[in-house]
Structures are given as structure tokens and as C-alpha cells.
Amino acid sequence: MNPILLSFADGTTFFVGLILVFIAEVLLLFIQQRFVRSALTVCAFLGMMLVVASATPLPLWMYVVWLVLALIGVVLLNGFSEFRKVKHCMCFALLMVTVGLISMELPYRRAPELVVSSGSTIYVLGDSISVGMRVEDRAWPEVLQEMSGCRVVNCARAGATVEGAFKQALEISEPSSPVIIEIGGNDLLGGTKAFSYYKSLNRLVGSLVEEHQVLLVELPLFPFQNAYGRAQRRIVAEHGIALLPKKYFTRVLALPGSTSDGLHLTQQGHDAMAAMMNALLFEN
């Protein structure tokens, strides 16, 4: 997959954009050369575009507050030379909001805290990412079973949506078993509305959470798909389940030779996915 697309998918562009805007506006306070100031202004607008397009699923009002401050800052810093104190205050306000946004997003970059005993049976609900595209491939749940020594039951089906995952959940036969939910890509690509996706996923998680430890794999998102990420995070907060940050799955996709088409895993990709899951579930 294209490195630029991957940087959007794993959330890197959000942080790059925030920092780019802040540094550009601070430098505009002190640098007077016209050419450099023009370049810094372009950098500031580029940073704003990266943040807005990053699909980081923070509340919309936070984006609005930050963007208004950033835009006012660019206007002030490119004129009104007599308002130096106001410019300093604007930069300070932008710093505070930037730090606030970063501090809100950073927890969603950390590995989830999970306790999975070695004798557990793990169930996987998912789509073609967890099934594989070729019959000869050993899908990552199978590889994970070999690595961990635990029984891993792969209930995933190619082309599955969240609604289809309800049928998969019927295959869970052992109580108090960990359940990994890797689902939603087909809903997103198939045009399912974000609210419908939320309602279906909320019902699915709600049907499992009382008896099972649930790990939800966060969807890698491309520009302006924020609503799907907000839906997942809302469900995580409401049910108190674990979330696997999107950066982990995206790192697997980024490995050379790990995908056949930028998304679906090759055997190398399945092996990497299993190794990542094994490290998180048993070595964390």
C-alpha cells in the first residue's frame, strides 16, 4: 500500500499536521523574510489539511475549535504587526489546544491491557482479512494457534459484514472465552451508513460482553471516514472492552510482501498478523 495512504490509515498524519501547524505559526512570529514567511504559511495550511483529512475520530467540535484558532493565527501572523501580544496569546492558545488533542488521541495508540490464560479458547469473528484469499494460505488465527498453544476457533467468513458476524457468534460454544472482532471493512467499503454500522456493532458487542472478554480491532481509516472510528470508540467506552489501535494492523499492511492488493494478507502477512496478536495477547 502507498506509504502516504498508510500514514492516513494509521493516524500518523494527524500528529504530523498538528505539529506542522504549530511550528509554522511560531516561526512566523520571529521570521521576517518574505519568502520564508510564504513557505511557512503554505506549511501551516498543509498541516491543517492533513489534520482535517486524517480521519482521526475525535469529536467534530474539537476539530472546529482547533481549526478556527489555526486560521486566525495565520491571518494575524501575516499582518497586524502592532498586535504582537495578541499574536503571542494566539500561539499559546493554539499550543494548549494542540496539546489537548494530542493527549486525547495518544491513549488510542497504546496496546490494550489484556489477560489471556494459556488454556483459553479464542474465537475470531471477522471477514476475509481473517480468512485469507487463497486456499493454500494458513490464515492468521491458525498461525496464532500454533504460536500460542491455545485453541483458536476461526469463525470469520469472506465478505462478512457486522450483520453477518451475528451468525459467526453463534459458533461460540465455550463461556468466558476471549473473542477477537475483526469486522467492518466490508460495511465501510459497501456504503453502510456510520450510524447503522454503530447500531449493528453495538448489538454484536452487547451480546458478547457479559460472558466474554472482547477485543475489537480498530478500522484503519482513510480521509473523511471519521464517523466509523467514532462509532467503534463509542462502543469501546460504553461496554468497557479492549480496542486494538489501528496502527498495529496498519503496521502489518505496511510490511513488504504482506498483502496481495494493499489490504488482503499474503501468507507473510498472516504470519505477521499472528505474531502481532501473539505478542499483545500473551507477552504484553
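Please read all numbers here as calculations on a predicted model, not as lab measurements.
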Next on the checklist: According to salt bridge (charged side-chain N to carboxylate O under 4.0 Å, His left out), does anything in residues 186-207 pair up with another residue at least two apart or in another chain? List the pairs.
Outcome noted: Glu163-Arg203
Checklist outcome for this item: The reported gap from CG in Leu76 to CE in Met90 (rounded to nearest 0.5 angstrom) is 5.5 Å
Checklist entry - Any idea which heavy atoms bring Val116 and Pro178 closest together, and the distance? => result CG1-CG, 4.0 Å
For residues 38-50, which side-chain N or O atoms pair as donor and acceptor with protein atoms under 3.5 Å away, sequence neighbours left out?
from	atom 1	to	atom 2	distance (Å)
Ser38	OG	Arg34	O	3.0
Thr41	OG1	Arg37	O	2.9
Thr41	OG1	Asn78	OD1	3.4
Thr41	OG1	Asn78	ND2	3.2

Next on the checklist: I need the minimum non-hydrogen distance between Leu204 and Ala169, along with the two atoms involved.
Outcome noted: CD1-CB, 4.3 Å
Checklist outcome for this item: When every non-hydrogen atom of Ile172 is compared with those of His212, the smallest separation belongs to CG2-CE1, 3.5 Å
Checklist entry - Where do Val21 and Leu94 come nearest, in terms of heavy atoms and distance? => result CG1-CD2, 4.2 Å
Next on the checklist: Can you confirm whether Phe92 is buried at CZ, in the sense that more than 12 heavy atoms of other residues, nucleotides or ligands lie under 6.0 Å from that atom?
Outcome noted: no
Next on the checklist: What I'd like to find out is whether the side chain of Leu58 reaches to under 4.5 Å of the side chain of Phe14, using heavy atoms alone.
Outcome noted: yes
Item to check | Verdict with supporting geometry, Cys91 and Leu29, side-chain contact (heavy atoms from CB on, under 4.5 Å) | outcome: CA-CA 9 Å; Cys91 283; Leu29 270 176; 3.6 Å; yes
Item to check | Joint cluster assignment, Tyr123 & Leu281, ILVMFWY side-chain distance < 4.5 Å | outcome: no
Next on the checklist: Side chains of Ile180 and Leu125, heavy atoms from C-beta outward: is any pair under 4.5 Å?
Outcome noted: no
Checklist entry - Hey, mind stepping through Asn226 and Tyr63 against side-chain contact (heavy atoms from CB on, under 4.5 Å) and telling me if it holds? => result CA-CA 11 Å; Asn226 312 49; Tyr63 276 103; 3.5 Å; yes
Checklist entry - Is the shortest distance from a Lys or Arg side-chain nitrogen in Arg109 or Glu105 to a carboxylate oxygen in the other one below 4.0 Å? => result no
Next on the checklist: Taking the side chain as everything from C-beta on, heavy atoms only, tell me whether His239 gets closer than 4.5 Å to Val209.
Outcome noted: yes
Checklist entry - Taking the side chain as C-beta and beyond, is there a heavy-atom pair between Leu106 and Ile102 under 4.5 Å? => result yes
Checklist entry - Less than 4.5 Å apart, any side-chain heavy atom of Leu144 and any of Val124? => result no
Item to check | Over 12 foreign heavy atoms within 6.0 Å of CE, Met96 | outcome: yes
Checklist entry - Should side-chain heavy atoms under 4.5 Å link Ile, Leu, Val, Met, Phe, Trp and Tyr, which residues sit in the same cluster as Leu170? => result none
Next on the checklist: Applying a strict under-4.5 Å side-chain criterion to I, L, V, M, F, W and Y, I'd like to know whether Leu77 and Leu18 cluster together.
Outcome noted: yes
Next on the checklist: Counting C-beta onward and ignoring hydrogens, is there a side-chain heavy-atom pair between Glu218 and Arg233 closer than 4.5 Å?
Outcome noted: yes
Checklist outcome for this item: Nearest heavy-atom contact between Ile183 and Gln232 is O-NE2, 4.4 Å
